[in-house]
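A short write-up of the structure that comes next.
Because the structure is predicted, anything quoted here is derived from the model rather than measured.
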Amino acid sequence: MSLNDELTAVQRCLDDLVRSVVRLEQRVGSRDLEIRRVRTDADHLRESVALLRESAPPERPRPVMVPIPDAPYDSSLWADAEDEGLGSRDRRAP
């Protein structure tokens, strides 16, 4: 998973947390100190993730994979090539 994917997953979880806190706040009431702390902590987490996303390095594109076939290569591709260190085929090696 890329860093951007991880940050998106964290953001989704935090969004779920904020929705749950809102529902809980409706049941308990917003006057309780504990629920206000939880709401404030969730808001701080969302801000921190947003800052982390802004400071994250840009994603590098993934290299393109080039498939290499298992079939033998056409020998005419190397018709004029020399074997490294051995010279050409029609001459003797030194």
Side-chain angles (χ1 to χ4, degrees):
M1 239 183 175
S2 70
L3 178 62
N4 190 31
D5 293 342
E6 293 286 346
L7 288 171
T8 302
V10 169
Q11 185 65 47
R12 276 193 223 119
C13 291
L14 283 174
D15 291 341
D16 290 342
L17 175 66
V18 168
R19 284 191 290 275
S20 298
V21 169
V22 167
R23 286 193 304 267
L24 185 62
E25 192 173 16
Q26 291 170 351
R27 294 185 103 193
V28 174
S30 61
R31 294 184 184 184
D32 288 344
L33 178 63
E34 290 81 14
I35 195 69
R36 288 189 313 196
R37 283 183 181 166
V38 170
R39 183 174 19 98
T40 303
D41 289 345
D43 291 340
H44 285 152
L45 282 172
R46 290 179 80 186
E47 290 172 9
S48 296
V49 170
L51 290 172
L52 185 59
R53 186 182 293 274
E54 289 175 8
S55 66
E59 299 257 342
R60 285 188 270 163
R62 293 183 183 217
V64 177
M65 300 297 283
V66 178
I68 299 175
D70 290 334
Y73 289 107
D74 182 12
S75 60
S76 66
L77 293 173
W78 291 278
D80 295 333
E82 295 182 4
D83 292 331
E84 185 176 329
L86 298 178
S88 61
R89 293 183 189 196
D90 58 340
R91 290 184 272 164
R92 283 184 29 185

Margin query: Hydrogens and angles aside, do Ser76 and Asp74 bring a side-chain donor and acceptor to less than 3.5 Å of each other?
Written below: yes
Next item on the list: Please collect all ring pair (Phe, Tyr, Trp, His ring centres under 6.0 Å) contacts where either partner lies in residues 53-74, sequence neighbours excluded, each pair once.
Entry: Tyr73-Trp78
Margin query: Is there a side-chain contact between Arg46 and Asp15 in this structure, where contact means two heavy atoms from C-beta onward sitting under 4.5 Å apart?
Written below: yes
Check: If Ile, Leu, Val, Met, Phe, Trp and Tyr residues are connected whenever their side-chain heavy atoms lie under 4.5 Å apart, and connections chain through other members, are Leu17 and Val49 in the same group?
Finding: yes
Checklist line | Distance-minimising heavy-atom pair for Pro69 and Pro67 | finding: CD-O, 3.9 Å
Margin query: Apply side chain to side chain donor-acceptor pair (under 3.5 Å) to residues Asp43 and Thr40 and explain how you reach the verdict.
Written below: CA-CA 5 Å; Asp43 291 340; Thr40 303; 5.6 Å; no
Notebook entry, point to check: In Å, rounded to the nearest 0.5 Å, how long is the span from CG of Leu24 to CD of Glu34?
Noted result: 11.0 Å
Check: Is there a side-chain contact between Arg53 and Thr8, using heavy atoms and a 4.5 Å cut-off?
Finding: yes
Margin query: Assigning hydrophobic clusters by single linkage (Ile, Leu, Val, Met, Phe, Trp, Tyr; side-chain heavy-atom cutoff under 4.5 Å), is Leu45 placed with Val38?
Written below: yes
Check: Quick one: ring pair (Phe, Tyr, Trp, His ring centres under 6.0 Å) pairs with a partner in residues 5-49, sequence neighbours left out?
Finding: none
Margin query: Heavy-atom count check: over 12 atoms from other residues, nucleotides or ligands less than 6.0 Å from Leu77 CG?
Written below: yes
Notebook entry, point to check: Is Arg19 salt-bridged to Asp16, going by a charged N under 4.0 Å from an acidic O?
Noted result: yes
Notebook entry, point to check: OG of Ser48 to CG of Asp41: how many Å apart, nearest 0.5 Å?
Noted result: 10.5 Å
Item checked: Minimum heavy-atom distance between Gly29 and Ile35, given as atom pair plus value -> O-CG2, 3.3 Å
